[in-house]
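All remarks here apply to the structure that follows.
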2 protein chains.
Amino acid sequence: MPAKRPSPTVLREATRQARSFERVRQAHQREVAEDYVELIADLIDVTGEARAVDLAERLGVTNATVNAALNRLARDGLVTRQRYRSIFLTTEGRRLAEESRARHRIVRDALIKLGVDSETAEIDAEGIEHHISARTLAALREFLEGAGTP
Amino acid sequence: MPAKRPSPTVLREATRQARSFERVRQAHQREVAEDYVELIADLIDVTGEARAVDLAERLGVTNATVNAALNRLARDGLVTRQRYRSIFLTTEGRRLAEESRARHRIVRDALIKLGVDSETAEIDAEGIEHHISARTLAALREFLEGAGTP
DNA sequence: TATAAATTTTAGCTTGCACTAAATTTTGTC
DNA sequence: GACAAAATTTAGTGCAAGCTAAAATTTATA
Ligand SMILES: [Mn+2]
Ligand SMILES: [Mn+2]
Ligand SMILES: [Mn+2]
Ligand SMILES: [Mn+2]
């Protein structure tokens with residue numbers, strides 16, 4: 001097969017594409033942290049405390065998996081823990097939780113406004129939310145501010 | 001702290017939420033495969049063949065990473081390979097590539113129609129595309145069919 | 001207050017996906 | 001055709017995130 005030398009245009013397109021994939025990989029690195037702190041904040045608001053067993057149930061994973069994840073979150077300064085006690089968010093953790101929660105709602109509501117049933121919107125939003133840039137978030141906000149469905 | 005017994009309503013909400021997270025984890029398992037077959041199909045269309053070195057450049061990872069990923073894709077029946085030769089898609093791989101490509105375009109175009117600049121739309125679509133259910137895809141399609149921006 | 005149940009933690013295992021460095025093979029050029 | 005360059009593959013490493021099974025600790029109950 002002929003190994004044609006790529007034109008400058010194709011080269012630039014390749015690095016542009018590479019940047020997109022790098023962004024996606026970075027989003028994946030933040031993803032677990034965002035879901036955990038959002039869940040922890042919700043549990044604290046609703047039940048008064050966040051226990052590992054409740055996180056495990058809502059995430060659909062085992063206690064051991066949650067424990068390991070919480071160790072990483074503590075290492076990264078998002079939660080504080082005392083052995084055998086429930087979990088607390090640091091200031092930075094609470095900040096990330098608020099931000100994630102707001103974005104989650106906007107994505108879900110935008111999907112609903114686009115005609116997706118709320119059950120499906122909730123499911124899809126759980127994955128989509130981590131890949132929404134500031135610009136896209138702003139666009140969704142504006143879309144939601146526009147006239148509702150008649 | 002009081003360990004209040006959760007009400008049935010909270011219990012059902014917990015399993016509903018767990019299902020969302022399970023869906024996201026499943027999407028992540030398909031994600032690499034979808035990106036690779038889509039890229040391979042594009043390279044075959046544009047340059048006539050798909051070489052590992054081109055995949056690596058466009059993905060922003062090393063040759064070794066691409067090689068390992070291709071081994072998994074071959075194991076899963078999405079590509080065929082001969083040692084030191086370029087990569088081919090199986091029928092199933094081509095099917096997945098077409099599907100991924102179509103979904104990618106719809107997500108990107110929907111973002112653009114929502115007012116996102118095309119550069120940002122392309123970046124965000126690369127992550128969002130893997131978390132779009134059939135129902136949401138249908139909603140985006142309808143949204144795109146509606147009247148364009150005046 | 002003993003004992004049982006629930007919860008948290010630890011230990012050990014697996015897979016995916018990223019890396020570097022080096023070996024192997026193919027491709028291009030003189 | 002020899003040699004250099006490019007591409008592919010292998011080997012070895014590390015971390016994230018899932019699992020099961022068992023140990024440690026706390027909480028609830030008889
Ligand atoms: Mn999420
Ligand atoms: Mn969320
Ligand atoms: Mn993608
Ligand atoms: Mn894509």
Side-chain angles (χ1 to χ4, degrees), chain A residues 1-6 14 18 21-36 39-40 43 47-76 78-88 127 130, chain B residues 1-6 11 18 21-36 39-40 43 47-76 78-88 127 130:
Chain A
M1 281 73 181
K4 44 188 72 144
R5 193 188 303 94
F21 285 115
E22 272 156 34
R23 287 287 290 266
V24 175
R25 288 193 293 269
Q26 287 166 6
H28 283 151
Q29 288 190 324
R30 287 187 300 263
E31 180 153 353
V32 170
E34 291 175 352
D35 285 336
Y36 271 74
L39 245 183
I40 291 167
L43 284 169
T47 73
E49 64 174 347
R51 301 186 311 163
V53 67
D54 296 325
L55 287 174
E57 192 194 16
R58 281 170 174 72
L59 290 165
V61 298
T62 64
N63 287 355
T65 296
V66 167
N67 198 254
L70 289 174
N71 286 336
R72 288 190 293 273
L73 294 187
R75 179 200 63 188
D76 297 342
L78 295 172
V79 306
T80 56
R81 358 179 31 199
Q82 286 177 277
R83 296 179 65 84
Y84 295 98
R85 290 270 111 88
S86 65
I87 303 121
F88 294 92
H130 311 283
Chain B
M1 281 72 185
K4 43 189 74 145
R5 194 188 301 94
L11 255 188
F21 285 115
E22 273 157 32
R23 287 287 290 267
V24 175
R25 287 193 293 270
Q26 287 166 8
H28 283 150
Q29 288 190 324
R30 287 188 299 264
E31 180 153 351
V32 170
E34 290 175 353
D35 286 336
Y36 270 74
L39 245 182
I40 292 166
L43 284 168
T47 73
E49 65 175 345
R51 302 187 309 164
V53 67
D54 296 325
L55 288 174
E57 191 195 16
R58 281 169 175 72
L59 289 166
V61 297
T62 63
N63 286 356
T65 295
V66 167
N67 199 254
L70 288 173
N71 285 336
R72 289 191 293 271
L73 294 187
R75 178 200 63 190
D76 297 342
L78 294 172
V79 306
T80 57
R81 356 178 33 198
Q82 286 176 276
R83 295 179 65 85
Y84 294 97
R85 289 272 112 86
S86 66
I87 302 121
F88 295 92
H130 311 283

Check nucleotides 23-25 of chain C against the protein and report each pair of N or O atoms closer than 3.5 Å, with its distance, or say if there are none.
residue: C:dT24; atom: O2; partner: B:Y84; partner atom: OH; Å: 3.4
residue: C:dT25; atom: O4'; partner: B:Y84; partner atom: OH; Å: 3.4

**Interatomic distance where NE2 belongs to B:H28 and C1' belongs to D:dA17 [whole Å]** = 12 Å
**Asked** Atom CZ of B:F21 to atom C1' of D:dA17: distance rounded to whole Å?
**Response** 15 Å
Between [X] and [N], is there a contact of a side-chain N or O with OP1 or OP2 at under 4.0 Å?
X	N	result
A:R85	D:dT27	yes
B:N67	D:dT9	yes
B:R51	C:dT27	no

**Asked** With sequence neighbours excluded, what pairs up with B:T62 under the side chain to side chain donor-acceptor pair (under 3.5 Å) test?
**Response** B:T65
**By side chain to side chain donor-acceptor pair (under 3.5 Å) - contacts of A:N71 (at least two apart)** = A:R81
**Request:** Check salt bridge (charged side-chain N to carboxylate O under 4.0 Å, His left out) between A:E34 and all other residues, then give those that pass, not counting sequence neighbours.
**Result:** A:R30, A:R103
**Fill in**
The salt bridge (charged side-chain N to carboxylate O under 4.0 Å, His left out) partners of A:D35 (sequence neighbours excluded) come to none
**Item:** Which nucleotide in D:dA7, C:dT10, D:dA16 has an atom nearest any side-chain atom of A:R72
**Value:** D:dA16
Below 3.5 Å between N/O atoms, which protein atoms pair up with nucleotides 19-22 of chain D? Just atom names and distances, please.
residue: D:dC19; atom: OP2; partner: A:T62; partner atom: N; Å: 3.0
residue: D:dC19; atom: OP2; partner: A:T62; partner atom: OG1; Å: 3.2
residue: D:dC19; atom: OP2; partner: A:T65; partner atom: OG1; Å: 2.8

